[in-house]
Amino acid sequence: MLPGAGQALMLRQTLRGGPAMARPTIMGTATGLLIWSTAAAAGLSGVLLANPHIYQGIRVIGGVVLVVLGVGTLRAARRFVEAPSAVSDDDSDGRFWGAYAAGLGTNLGNPKAGVFAVSMLPQFVTSHGPVLASGIALGVVWAAVTACWYLVFTLLVARGRARVSRPGVQRGLSVTTGIVLMALGVAVAAGV
C-alpha cells in the first residue's frame, strides 16, 4: 500500500480510462505478484544469491518499463484537448490486454515486489508440508489484498475524476504522473 510505481500506474490508468481501464491493470498487477511469489517459493532467492547479475538485469528491465510508461503518460498529456471519456467499446479487447500488460510489466519490473517476495514470503512458509504450495498460497493472499486495495484506490480516484476533468488539471496530473514514473524507472535501473 506504500506509494510507488503501482499507485502511479493505477492513478494514470484511472484518470485515463476510468475503472474500466484500472480493472485489467489490477489483474495484471495481481498476476505479477503471483509470479513473484511462485518464483520465490520455487527458489528464486537462492538463484539471486548465487548470481546477483540476474537481479541486476531484472532491475534494469523494470526501470526501462517504468520509463516507457512515464514517457507514454507524458506524450498523452500533450494530447489533452478535452476531458477524456471512459474507455469506449472500440477495440476494448486491445485496451484490456494493453492495460493488463501495463500492470503485469510494472509489477514484474518493480524491485519492491521482488524484494518482498524473495525476502519476506519465505519466512512465513511452513517447513512441515508442501513448501511450494505454501508459498503460492501466500502469494494468493498477497495478490488478493493488493487487488482489494487497488480497487478501493481506483474507485476513489474515479469518484474524484469528475472534479479534475478539466483539460488543464488532467494535463498537470498526467505530467506529474509521467515524471514520477520516469524518475522511479531511472532510480530502479540505477539501483538507488
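Please read these numbers as outputs of a predicted model, since none were measured by experiment.
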Pairing residues for Thr29 by the side-chain hydrogen bond (donor to acceptor under 3.5 Å, both in side chains) criterion, not counting sequence neighbours:
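Scan of Thr29 (side-chain hydrogen bond (donor to acceptor under 3.5 Å, both in side chains), adjacent residues dropped) gives none.
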Working to the nearest 0.5 angstrom, can you tell me the gap between [X] [atom1] and [Y] [atom2]?
X: Ile179; Y: Leu74; atom1: CD1; atom2: CG; value: 6.0 Å
X: Thr106; Y: Leu9; atom1: OG1; atom2: CG; value: 4.5 Å
X: Leu156; Y: Leu151; atom1: CG; atom2: CG; value: 11.0 Å
X: Trp142; Y: Phe116; atom1: CH2; atom2: CZ; value: 6.0 Å

ILVMFWY network linking [X] to [Y], side-chain heavy atoms under 4.5 angstrom:
X: Val131; Y: Ile35; result: yes
X: Tyr150; Y: Leu155; result: no
X: Val64; Y: Val186; result: no
X: Ile136; Y: Trp36; result: no

Considering all heavy atoms of both residues, which atom of [X] and which atom of [Y] are nearest to each other, and what is their separation?
X: Leu132; Y: Ala42; result: CD1-N, 4.0 Å
X: Gly135; Y: Ala41; result: CA-CB, 3.7 Å
X: Leu121; Y: Ser37; result: CD1-CB, 3.5 Å

Using a 4.5 Å cut-off on heavy atoms from C-beta on, say whether the side chain of Arg75 contacts that of Val71.
yes
Hey, does Met10 have a side-chain heavy atom less than 4.5 Å from the side chain of Trp149?
no
Taking the six-membered ring for Trp, are Tyr100 and Trp97 parallel (under 30°), tilted (30 to 60°) or perpendicular (over 60°)?
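Taking Trp97 first and then Tyr100, their aromatic rings stand perpendicular (interplane angle over 60°).
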Got a list of side-chain donor-acceptor pairs under 3.5 Å for residues 19-26, not counting sequence neighbours?
from: Thr25; atom 1: OG1; to: Gln13; atom 2: NE2; distance (Å): 3.0
from: Thr25; atom 1: OG1; to: Met21; atom 2: O; distance (Å): 2.9
from: Thr25; atom 1: OG1; to: Ala99; atom 2: O; distance (Å): 3.3

Could you walk me through whether Val140 and Leu34 pass the side chain to side chain contact (heavy atoms under 4.5 Å, CB included) check?
CA-CA 6 Å; Val140 169; Leu34 291 172; 3.7 Å; yes
Between Thr14 (side chain) and Leu11 (backbone), is there a donor-acceptor pair under 3.5 Å?
no
